[in-house]
Amino acid sequence: MKASSLCFLSAVVFVIAGMIWGLVMAISEDHSAAPAHAHLNLLGWVSLFLFGIYYRLRPSLERDKGALTQIWIWIAGTVVQAVGVSLVHTGTPSGVPLAAGGSFVVLVAMLLFARLVFLGERADARAGAASSLAG
Ligand code: HEM
Ligand code: HEM
């Protein structure tokens, strides 16, 4: 599957889950898990969709193993963090290792993404400089 497609598909699955979770919180009038809901939506919907747009803009990354790995690590970290933060905020302190572990995993995935962005933008800058020299 293309990197951008994986991002878009997983993002819509996350936002449907996140919206249902939001509705459950609103209807039950129990907002204690709000930080977990917030991050599920922000990491799972907003961030993944943004990754997808970047990958769609960079066709050379669409079949790149590093990009696909980055996305799967992000998805796993997002799920683990959501479970952990939700446990912590609903009175189960043993969720702390999951919350912390998931957070470090998404950080690692963001560093991998940052590397791809830096390499891609640098390659563009070099190509631009070479073509202006040739011109
Ligand atoms: C059907 C859709 C949704 C419903 C019913 C819903 C419901 C809620 C509820 C009840 C809270 C707790 C508010 C509080 O206690 O202050 C909340 C918090 C939050 N939600 Fe949603 N939500 C929905 C979708 C989304 C989406 C799509 C996003 C992000 C793109 C999002 C981001 C947040 C954030 C960031 C917070 C934390 C706000 C804060 O701490 O002040 N929500 N949501
Ligand atoms: C490793 C990743 C992250 C960690 C560990 C983290 C941690 C936290 C913590 C501890 C809070 C305070 C929650 C509270 O007071 O109950 C918070 C709030 C918030 N974070 Fe994050 N965050 C992360 C990533 C992000 C990202 C990527 C976004 C946006 C795209 C984001 C948006 C927010 C927002 C809007 C709030 C305020 C809403 C709320 O209280 O839930 N966070 N975050």
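All residue numbers refer to positions in the sequence shown, counting from 1. Atoms within a ligand are numbered from 1 in the order they appear, just like the ligands themselves.
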[X] and [Y]: which non-hydrogen atoms are nearest, and at how many Å?
| X | Y | value |
| --- | --- | --- |
| A82 | L40 | CB-CD1, 3.8 Å |
| S60 | D64 | O-CB, 4.2 Å |
| R56 | S5 | NH2-OG, 3.6 Å |
| A36 | S86 | CB-N, 3.5 Å |

Heavy-atom protein contact below 4.0 Å for [atom]:
| atom | answer |
| --- | --- |
| atom 1 (C) of ligand 1 | yes |
| atom 19 (C) of ligand 2 | yes |
| atom 40 (O) of ligand 2 | no |
| atom 27 (C) of ligand 2 | yes |
| atom 8 (C) of ligand 2 | yes |

Going by the closest heavy atom to atom 31 (C) of ligand 1, which one wins out of V46, V24, N41?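 Comparing heavy atoms across V46, V24, N41, the nearest one to atom 31 (C) of ligand 1 lies in N41.
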Looking at H37, H39, M110, the heavy atom closest to atom 43 (N) of ligand 2 belongs to H39
Exercise for the section: Quick one: do D124 and R58 satisfy salt bridge (charged side-chain N to carboxylate O under 4.0 Å, His left out)? Show the steps, please. Expected result: CA-CA 11 Å; D124 269 6; R58 275 218 178 274; 2.9 Å; yes
At under 4.0 Å between heavy atoms, what of I20 touches ligand 1? The answer is neither
Answer side chain, backbone, both or neither: which part of H31 comes under 4.0 Å from ligand 1, heavy atoms only.
->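 Just the side chain.
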In the protein, which heavy atom is nearest to [atom], and how far is it?
| atom | result |
| --- | --- |
| atom 35 (C) of ligand 1 | A38 CB, 3.5 Å |
| atom 11 (C) of ligand 1 | M25 CE, 3.6 Å |
| atom 14 (C) of ligand 2 | P35 CG, 4.5 Å |
| atom 5 (C) of ligand 2 | S103 OG, 3.5 Å |
| atom 3 (C) of ligand 2 | Q81 NE2, 3.8 Å |
| atom 6 (C) of ligand 1 | G22 CA, 3.5 Å |
| atom 32 (C) of ligand 2 | L42 CD1, 3.4 Å |

| query | Are Y55 and I73 connected in the hydrophobic side-chain network, where two residues link if heavy atoms are under 4.5 Å apart? | reply |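 Cluster IDs for Y55 and I73 differ.
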### Message
Hydrophobic clusters here meaning ILVMFWY residues chained together by side-chain heavy-atom distances under 4.5 Å, can you tell me if F49 and V46 are in one?
### Response
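Both belong to a single hydrophobic cluster.
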So, does [X] use its side chain to make a donor-acceptor pair with the main chain of [Y] at under 3.5 Å?
| X | Y | value |
| --- | --- | --- |
| S47 | L42 | yes |
| E62 | S4 | yes |
| W74 | L107 | no |
| H37 | G18 | yes |

- Query: To the nearest 0.5 Å, how far apart are CG in N41 and CG in L48?
  - Reply: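 Going from the CG atom of N41 to the CG atom of L48 covers 11.5 Å.
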For ligand 1, which atoms, with element, lie under 4.0 Å from some heavy atom of [X]?
| X | answer |
| --- | --- |
| W45 | 30 (C) |
| L23 | 1 (C), 5 (C) |
| A34 | 12 (C) |

Checking heavy atoms under 4.0 Å, the part of L107 that sits near ligand 2 is neither
The answer for which part of L43 has a heavy atom under 4.0 Å from ligand 2 is side chain
message = Within the 4.0 Å heavy-atom shell around V106, which atoms of ligand 2 are there?
response =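 So the atoms of ligand 2 that pass are 1 (C), 2 (C).
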Per ring-ring contact (aromatic ring centres under 6.0 Å, His included), F51 is matched among F113, F8, W72 by F113
